[in-house]
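Throughout, numbering of the chain's residues begins at 1 and tracks the sequence. Remember, it's 1-based here, ligands and their atoms both numbered in the order they're listed.
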Amino acid sequence: MIPNQWYAVLPSQKVKKGRILAVKRLNLDLAFFRTKNGELGCVTDQCSHRGAALSAGEVRGNCIRCPFHGLEFDSSGACRFIPANGKSSTEDLSRYHVKRYPVREANGIVYVWYGDEAKATETLPFFSNEIDGSFSWSEIEDLWNSHYSRCIENQLDVIHVPIVHYNTIGRGNKTLINGPKVIFEDGVLLTSANNEKDVGQKPKPPKDCVIKSTYLKFRYPNIWLNRISEKVKVLIFFAPVDDEHTVLYIRFYNKITNARWINAAIAWLGKYMNRVIERQDKRVVITQRPKASSYRSGEKLLTGDGPILLYRKLRDEFQRKE
Ligand code: FES
Ligand SMILES: [Fe+2]
């Protein structure tokens, strides 16, 4: 995990008002909750008293209440009430506080800050210059038995497209890989496929390739976008569960027509297209060993793996820097 980053971990609609949701993310057992006035909280899913899962409790006003002895905690993790001590108690409750994780949401995504809270940044990773409220979208999710680094690399992999997706998005037998060109600018890794049919020509080196109008963008630590066209985009956030599991949330965005209901219907269909492609990827990616990738691995990368190499290099740098 790269420390000191906002990780996209859940769709907003999963955390319902007045409910607590237990989820494992970032190798942590977390309890997400939304108070009745809509405020979002995220604390460790373990009571400071005698270890019960807070997620098995309930939301009470602005607090969650442990199911065991009823200790109440607010969204900052502070203990606010201990029934056994009674309402008249004046005890300092700070020793009962539970760890909370800074949590924010935007664009229908819940983000958790992983690292030093004092370093939390204002901006959340997204592609605001690509997607705005004029798009209709749909979402699917799937759990992969893979480390999130492998899932991300798969989405930056232009070589696998004609092989894994030979009968879908990789139709046409374009197995020869030019470049690809890859750049890292303003926190975004940008690349695009330049694949061709192999008729005996030599592949072009990355420097002779261009970023085409259909491109891939990745923003650390875990969000990716495929600009298929101005009006059609696919976004994925890769929610790390633990060292061997990741939940992919895959969204299909479009504004193809001027009628929102037609775009919504297209988005609904796009969901199924994404599902087919995602399953083709998953079948192979979950077999990769080791589960996590690394910059200093013994893997024998090809020229066409340029985006993957850059992803690994930067990830390695960010991990060391923090
Ligand atoms: S274990 Fe939570 S109140 Fe006792
Ligand atoms: Fe793929």
Under 6.0 Å from the ring centre and within 45 degrees of the ring axis: does the NZ or CZ of K212 meet both conditions for the six-membered ring of Y215? no
Could you check whether R312 pairs with D316 (Lys NZ or Arg NE/NH1/NH2 to Asp/Glu carboxylate O, under 4.0 Å)? no
Donor-acceptor pair, side chain of W113 and main chain of D116, under 3.5 angstrom: yes
In total, how many protein N/O/S atoms does one find closer than 2.8 Å to atom 4 (Fe) of ligand 1? 2
Taking the Fe ion (ligand 2) as the center, what protein N, O or S atoms are found at less than 2.8 Å? H160 NE2, H165 NE2, D281 OD1, D281 OD2
Under a plain distance cut-off of 3.5 Å, with no hydrogens placed, do N222 and Q5 share a side-chain donor-acceptor pair? no
Less than 6.0 angstrom from the centroid, inside 45 degrees of the normal: does R25 satisfy that with respect to the ring of Y7? no
I'd like a table of donor-acceptor pairs (distance under 3.5 Å, sequence neighbours excluded) in which one partner is a side-chain atom from residues 103-110, with atom names and distances.
from : atom 1 : to   : atom 2 : distance (Å)
R104 : NH2    : E122 : O      : 2.7
E105 : OE1    : S12  : OG     : 2.6
E105 : OE1    : R34  : NH2    : 3.1
E105 : OE2    : R34  : NH1    : 2.7

Considering only heavy atoms from C-beta outward, does the side chain of M1 approach that of Y148 to under 4.5 Å? yes
Show me the donor-acceptor pairs, under 3.5 Å and distance only, between side chains in residues 13-20 and residues at least two apart or in other chains.
from : atom 1 : to   : atom 2 : distance (Å)
K14  : NZ     : E141 : OE1    : 2.6
K16  : NZ     : Q13  : O      : 2.7

With rounding to the nearest 0.5 Å, note down the distance linking OH in Y96 to CD1 in I82. 4.5 Å
